[in-house]
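Numbers here simply count residues along the sequence, with the first being 1. Excluded from the calculations below are hydrogen atoms, water molecules and symmetry mates; all remaining heavy atoms, backbone and side chain alike, are included.
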Amino acid sequence: MGSKKERIAQLESLIKKYQNSYYSGEAEISDGEFDLLWDELTALFPESEVLKKVGTGIDVDGFPKAKHLIPMGSQDKASNPDEFLVWTKKQSIKKYIVQYKLDGASLELQYEKGILVRAVTRGDGIKGDEITANARRMSGTVEKLKVRFTGGVRGEVIMTHNVWKNKYSEKANCRNAANGLMRRKDGQGCEDLNLIVYDAADVTNENYFKDEKQKIIWLKEQGFETAETGIFKDVQEIINYRNEIAEKRDKLPFDIDGLVVKDINTDIADLRKARPEKQIAFKFDLETAFSTLLKIEWSESGATYTPIGIVEPVRLAGTTVKRANLNNPDMIRSMGLKIGSKVSVVKRGEIIPKIEGLAPGENSSNTEEITFPSKCETCASDLVDAGTRLYCPNTQCPKRLLHRLEKWVSVLDIRELGEKLIRQLFEKKRVTYIHELYSLTAEELGEYERMGKLSAEKVIRHIQTKRELSLPVFIAGFNLEGIAETTMEKVADAGFDTLEKLRNAPAGNLSSIHGLGDITASVIADGLMESRQEMDDVLKTGIIKITQLLSDEALPLRGLSFCFTGELKSMKRPQAEEKIKSLGAQSKSTVVKGLTYLVTNDPSSGSSKNKKANDLGIKIIDEDEFLSIIKTNSAQKKDIMQGELF
């Protein structure tokens, strides 16, 4: 467990480091090498906060921050026609608008009464770096519109193949070169970049645009270069069009990596979501490589055993692949896969390697059958092979119970309750279930190794801090076999937004939710049934409460972060941390680059935290200023986004 946690921490650190260098335009490693790190972290800890972040989230190159008018979230992806057809069947779309998916760097131009006032990079999807001066130098930026429009125009900053070849070929690709130039403080080279746009939003009038087609027409009328756009009624025609464009993509003047397909009718509620459901990135066919399956490793997460194929090293999409996902036993059986088989390997979403099947013409004779584990390595129970899942059915399996405790503490961010102490409590059978954490006393904790009275009181204070959790966070804390908070957010968005509704929902209803499917729906339904009593016991403590899921718009401090040092007069530090979290901000235990505020009642102190904050240019505020921020934003929590379209 220790080595796994150390590797997770190392991967998170490396990914954040390379993300920062990528978004500052000085990528230290190739996209393929970065993909390997991302893939490994996904396999080890799929719920890592690092994997949920869109961009750097820090103030790279010293640019000021600015909030987006158009949210820059993520899109669902379809890597082949079958996946695309699955998506279309879950929609009720009668007419589609289809655009090139430009492979560059996102940028939002913001206008007031038709005049360009700022340009903002993607950043974390909510806020980005303001690079207005650089944007003014790019081809395609319109400084004054023909109408008094107040809102945002979104596009992609790209570099053409010719410019890259003649001037910037030392960069890995056009995208990396464009990212670097657009963030240069001196703006040099921005004249070599092009802005191609595809979206617009008026912040004063939700009905400014009738539909997505009208947006494109309007953008062209204002003088913008727009992404290549087509309108289709027939799904098969879209698939044919994608094949046609894929064949000639290398002849285009700039990079694209697929098509964006969306409902021609603008759905404001859908566009507000972090991952809109009525649009999808229809990617080009994945690059395929061929290798030999050497062995199978079984990754254990809670009760589930997931097969990972170890293959002879092979180059794929610019990176060396040695491990590839197999998902479940049925996949192995349906392929007729054996140790020694020649296999085809692709990258799902160009990120996660996956064994797609046997290589064409595969008829190797020197192979051996794959042996599935039959006993749980922890409790020796017979594993259940359900086809789509191999798992330990023992709800009292110590591995599963301990993993759930650790997950709960992690989700609630109870930092003082460390892994070592959790294990001690578990091994002594003092805490086996989550609700038992809330019956601990400082007196009994003081008897544990390296605790003492003060440390024990601090741990109990943090455990007993009352918390209001959204339903997705609450469910994620119970570790329902890999069901992450993001998955539960989709479920809540679909109307299953209370625990009662969720418990009463048949698995068939859940499987109809976009992005779930039968397997995930079944895992949720089974997990809720298994954890029912435990969830009720936790809620009966009165310390944990499920609150209404808030949209990003109702979280006015989202994107900000606070670190507290010293004692506060008006409240305990855990209360302050919970307050900012309820408003969307993050709580940091140390002063790090990108921190928004250091809160202390002695701003002039020579403490190490104050010194580091000063060195990093982080604003230091006292308790009065902190309370003013909280008071103002608490009052605005319900209507902070009034007047904005998205």
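Salt bridge present: R184 and D186 bring a charged side-chain N and a carboxylate O closer than 4.0 Å. Taking a cutoff of 4.0 Å between a charged side-chain nitrogen and a carboxylate oxygen, R175 and D255 do not qualify as a salt bridge. Salt-bridge formation is detected for the pair K619/E625: a Lys NZ or Arg NE/NH1/NH2 atom is positioned less than 4.0 Å from an Asp or Glu carboxylate oxygen. In summary, K262 and E212 engage in a salt bridge, as defined by a charged side-chain N under 4.0 Å from a carboxylate O. The pair R136-E143 meets the salt-bridge criterion, with a side-chain N (NZ, NE, NH1 or NH2) lying under 4.0 Å from an Asp/Glu carboxylate O.
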Take R154 and V197, measure what side chain to side chain contact (heavy atoms under 4.5 Å, CB included) needs, and give me the verdict at the end. CA-CA 6 Å; R154 182 178 174 184; V197 303; over 6 Å; no
Side chain to side chain contact (heavy atoms under 4.5 Å, CB included), that's the test. Do V120 and K65 meet it? Break it down for me. CA-CA 8 Å; V120 186; K65 290 290 184 184; over 6 Å; no
Evaluate the side chain to side chain contact (heavy atoms under 4.5 Å, CB included) criterion for residues R249 and F284: first the C-alpha distance (whole Å), next the side-chain angles of each, then the deciding distance (0.1 Å), finally the verdict. CA-CA 10 Å; R249 62 187 290 200; F284 292 136; 3.3 Å; yes
Test log, rule side chain to side chain donor-acceptor pair (under 3.5 Å), inputs S106 and E156: CA-CA 5 Å; S106 294; E156 201 84 354; 3.1 Å; yes
Given side chain to side chain contact (heavy atoms under 4.5 Å, CB included), test I620 with T600 step by step and report yes or no. CA-CA 7 Å; I620 301 175; T600 174; 3.5 Å; yes
For D202 and T204, run side chain to side chain donor-acceptor pair (under 3.5 Å): C-alpha distance rounded to whole Å, both residues' side-chain angles, the deciding distance at 0.1 Å, then the answer. CA-CA 6 Å; D202 185 300; T204 65; 2.5 Å; yes
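For the pair F254 and L102, the minimum side-chain heavy-atom distance is below 4.5 Å. L107 is listed as a side-chain neighbour of I131, based on a closest heavy-atom distance under 4.5 Å. With a 4.5 Å cut-off on side-chain heavy atoms, N134 and M182 do not count as touching. L598 has its side chain within reach of T565: a pair of non-hydrogen atoms, C-beta onward, lies under 4.5 Å apart. Residues K354 and V345 fail the side-chain proximity criterion, which asks for heavy atoms closer than 4.5 Å. K101 has its side chain out of reach of I256: every pair of non-hydrogen atoms, C-beta onward, lies at least 4.5 Å apart. For the pair I618 and T596, the minimum side-chain heavy-atom distance is 4.5 Å or more. A heavy-atom distance below 4.5 Å is found between the side chains of Q188 and R137.
The minimum heavy-atom distance linking I158 with I196 is given by the pair CG1-CD1, 4.0 Å. Across all their heavy atoms, G140 and F224 have their closest contact at O-CD2, 3.7 Å. When all heavy atoms of L116 and Y111 are compared, the closest pair comes out as N-CD2, 3.3 Å. Contact detail for T132 and A119: the closest heavy-atom pair is OG1-N, 3.0 Å. Across all non-hydrogen atoms, the minimal contact from D192 to K167 is OD2-NZ, 2.9 Å. Heavy atoms only, all atoms of each residue included: A177 and Y168 are closest at CB-CB, 4.2 Å.
Using modelled atom types, no side-chain atom of N194 and backbone atom of S139 make a donor-acceptor pair closer than 3.5 Å. Within the 3.5 Å criterion, the main-chain N or O of V591 finds a donor-acceptor partner in the side chain of K612. Judged by distance alone, with hydrogens and angles left aside, the side-chain atoms of K146 form a donor-acceptor pair with the main-chain N or O of E221 at under 3.5 Å. Listed for the T121 side chain is a donor-acceptor partner under 3.5 Å among the backbone atoms of D129. Panel note: side chain N610, backbone D602; a donor-acceptor pair is recorded below 3.5 Å. Remark: side-chain polar atoms of Q222 are not paired, donor with acceptor, to backbone N or O of V142 under 3.5 angstrom. The main-chain N or O of K283 is found under 3.5 Å from a side-chain atom of R242 such that the two form a donor-acceptor pair. Looking only at distances, no side-chain donor or acceptor of H68 sits under 3.5 Å from a matching main-chain atom of E108. The main-chain N or O of K113 is found under 3.5 Å from a side-chain atom of T150 such that the two form a donor-acceptor pair. The backbone N or O of N240 lies less than 3.5 Å from no partner atom in the side chain of E244, so there is not a single donor-acceptor pair.
Put simply, CD1 on I629 and CG on L560 are 8.0 Å apart, with the number rounded to the nearest 0.5 Å. Put simply, CG on L195 and OG1 on T141 are 5.0 Å apart, with the number rounded to the nearest 0.5 Å. Note: E237 CD to I231 CD1 = 12.5 Å, rounded to the nearest 0.5 Å. If you take CZ on F564 and NZ on K609, they are separated by 10.5 Å, rounding to the nearest 0.5 Å. Interatomic distance, E228 CD to E225 CD, rounded to the nearest 0.5 Å: 10.0 Å. For the atom pair CG (D199) and CD (Q279), the distance works out to 8.0 Å, reported to the nearest 0.5 Å.
Note: Y96 and F84 have tilted aromatic rings, judged against thresholds of 30 and 60 degrees for the angle between ring planes. Note: W218 and F209 have perpendicular aromatic rings, judged against thresholds of 30 and 60 degrees for the angle between ring planes.
Ring pair F232/Y241: centre-to-centre distance below 6.0 Å. Between Y100 and Y198, a ring centre-to-centre spacing not shorter than 6.0 Å is recorded.
Heavy-atom neighbours of K213 NZ from other residues, nucleotides or ligands within 6.0 Å: at or below the threshold of 12.
Among I280, I97, I93, the one residue that satisfies the side-chain contact (heavy atoms from CB on, under 4.5 Å) test with V261 is I280.
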